[in-house]
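Note that the structure is a prediction, hence the values are computed from the model and not measured.
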Amino acid sequence: MTAAFEHTAAVSSDHAFALLPPLTDLVLRAGAAIMAIPRDTKVSHKQDGSPVTPADLAADRVIAEGLAAIAPGVPVLSEECCGNGRPTTGSFFVVDPLDGTKEYIAGRDEFTVNLALVSDGLPVLGIVGAPALGLAWRGVVGHGAERLTIAADGAGFTASPIRTRQLPKPGLPWVATVSRSHLDAATVAFISARPGAMHVTLGSSLKFCRIAEGEADIYPRLAPICEWDIAAGAAVVLAAGGKMTDASGAPLRFDAPRPNFIVPEFIAWGDRDGR
């Protein structure tokens, strides 16, 4: 796909931090829009066969309108509206209005609202809301990360700082978060190379959040995945003290030309010195 966006100057980390409160409110409102829709509504399918529900579209409308008001002129790459491509310089938002649609359809609560800001190819801000769990995680690189406990009204919250943890000492088991729906053989082999590693199975971008809050050590995915599935979680992990790499150990970037915005593989590490 050919990018149709004009160049946008990169948003600094300090500017991103100033945007965090209104963007958090936006993610919470999108979550409320999802929760207001019965889960037994009609499920449609996109050209690639992936499911989409009225809840996906409702959350996308909330976020699109909110971003246009909060940060006009900053391009947006959303799962539900990705036909115009995305820039490879400056800054842009990456949105998955309902990550874990299969979890949502199945009646499980492990679905999220993902909102990230990428600057010069790297995630600088991320917010992951889990409306059915009453939780959210957010962070800005250079300013730290937090776990939010959402109030019953869906709007207010209390915030607690979070941080990744060091890798276990030799002889102690690793904790690896893995996908419930997309666990591939290469990822299993990667985890198995770390003796005693334990699997924690989760849906959506919650896998990143467990890394960010120090409850798990690593989230490898050695199979294709879309940028909007991982950008927000990547930013939260980075803000919490972790790192994001490709399979060779190079920093994972979001300015590479990728057909259909597909990332070949990645590894989220809680410990920046881990390998």
Value rounded to 0.5 Å, distance of CG in D217 from CG in L167 | 5.5 Å

Heavy atoms only: give me the nearest A235-G126 pair and the separation to one decimal.
-> CB-N, 3.4 Å

Considering only heavy atoms from C-beta outward, does the side chain of F111 approach that of P131 to under 4.5 Å?
-> yes

I105 and L202: same hydrophobic cluster, using ILVMFWY side-chain contacts below 4.5 Å?
-> no

Donor-acceptor contact below 3.5 Å, side chain D246 vs main chain S248 = yes

Can you name the residues that form a ring-ring contact (aromatic ring centres under 6.0 Å, His included) with F254, not counting sequence neighbours?
-> none

What pairs meet the salt bridge (Lys or Arg N to Asp or Glu O under 4.0 Å) rule with one or both residues in residues 52-61, with sequence neighbours excluded?
-> none

Between L148 and L26, is there a shared hydrophobic cluster once you connect ILVMFWY residues whose side-chain heavy atoms come closer than 4.5 Å?
-> no

Under a 4.5 Å side-chain heavy-atom rule over Ile, Leu, Val, Met, Phe, Trp and Tyr, are L117 and V27 clustered together?
-> yes

Shortest non-hydrogen contact between I211 and I218, atoms and distance | CD1-N, 3.1 Å

Side chain to side chain, P51 and K102, heavy atoms closer than 4.5 Å | yes

Electrostatic pair R39-D109, nearest N-O below 4.0 angstrom = yes

Does T112 reach the main-chain N or O of N114 with its side chain, forming a donor-acceptor pair under 3.5 Å?
-> no

Verify, without hydrogens or angle tests, whether R163 (side chain) and A145 (backbone) share a donor-acceptor contact under 3.5 angstrom.
-> no

What residue pairs, at least two apart or across chains, pass salt bridge (Lys or Arg N to Asp or Glu O under 4.0 Å) with a residue in residues 221-241?
-> R86-E227, E227-R258

Can R138 and T24 be counted as having a side-chain donor-acceptor contact under 3.5 angstrom?
-> yes

Under 3.5 Å, is there a donor-acceptor pair between the side chain of R272 and the main chain of G241?
-> yes

Expected list for residues 151-160: side-chain donor-acceptor pairs under 3.5 angstrom, two or more places apart:
| residue | atom | partner | partner atom | Å |
| --- | --- | --- | --- | --- |
| D153 | OD1 | A155 | N | 2.9 |
| D153 | OD1 | G156 | N | 3.1 |

Transitive ILVMFWY side-chain link I37 to M35, under 4.5 Å | yes

Distance in Å, D255 CG paired with S119 OG, rounded so as to fall on 0.5 Å steps | 11.0 Å

Evaluate the side-chain proximity of V113 to I127: yes if any heavy-atom separation is below 4.5 Å, no if none is.
-> no

Look at the rings of Y219 and F266 and say which category their plane angle falls in: under 30° parallel, 30 to 60° tilted, over 60° perpendicular.
-> perpendicular

Do H45 and V43 touch side chain to side chain, with heavy atoms closer than 4.5 Å?
-> yes

Could you walk me through whether L57 and E80 pass the side-chain contact (heavy atoms from CB on, under 4.5 Å) check?
-> CA-CA 7 Å; L57 301 178; E80 306 308 332; 4.1 Å; yes

Please list all pairs passing the side chain to side chain donor-acceptor pair (under 3.5 Å) test where one or both residues lie in residues 66-75, with sequence neighbours left out.
-> none

Would a 4.5 Å heavy-atom cut-off, applied to side chains only, mark I230 and L252 as touching?
-> yes

Can you name the nearest heavy-atom pair linking A176 to I191, along with the distance?
-> CB-CD1, 3.9 Å

Provide the closest heavy-atom pair for A130 versus L206 in the form atom of the first, atom of the second, distance.
-> CB-CD2, 4.1 Å

Would you call V118 and L77 a side-chain contact if the rule is heavy atoms closer than 4.5 Å?
-> no

When rounded to the nearest 0.5 angstrom, what is the spacing between CZ in R147 and CG in L135?
-> 4.5 Å

Show the numbers, then the answer: is there a side-chain contact (heavy atoms from CB on, under 4.5 Å) between V140 and S13?
-> CA-CA 7 Å; V140 177; S13 178; 3.7 Å; yes

How far apart are the closest heavy atoms of S91 and V11, and which atoms are they?
-> OG-N, 2.5 Å

Working to the nearest 0.5 Å, report the span between CG of D14 and CG of L19.
-> 11.0 Å

Taking all non-hydrogen atoms of both residues, which atom of L222 and which atom of E265 are closest, and how far apart?
-> CA-CB, 3.6 Å

Classify the angle between the aromatic ring planes of F190 and W269 as parallel (below 30°), tilted (30 to 60°) or perpendicular (above 60°).
-> perpendicular

Any side-chain heavy-atom pair from L238 and L122 closer than 4.5 angstrom?
-> no

Between L98 and V128, is there a shared hydrophobic cluster once you connect ILVMFWY residues whose side-chain heavy atoms come closer than 4.5 Å?
-> no

One should read off an interatomic distance between W174 CH2 and D271 CG, to the nearest 0.5 angstrom, of 8.0 Å

Check against side-chain contact (heavy atoms from CB on, under 4.5 Å), E79 and T101 | CA-CA 12 Å; E79 179 180 11; T101 301; 5.6 Å; no

May I ask you to test the F208-M244 pair for a side-chain heavy-atom distance under 4.5 Å?
-> yes

Could you tell me which residues satisfy ring-ring contact (aromatic ring centres under 6.0 Å, His included) with F93, sequence neighbours excluded, listed by chain and number?
-> none

Separation between CZ (R180) and OG1 (T201), nearest 0.5 Å, reads 6.5 Å

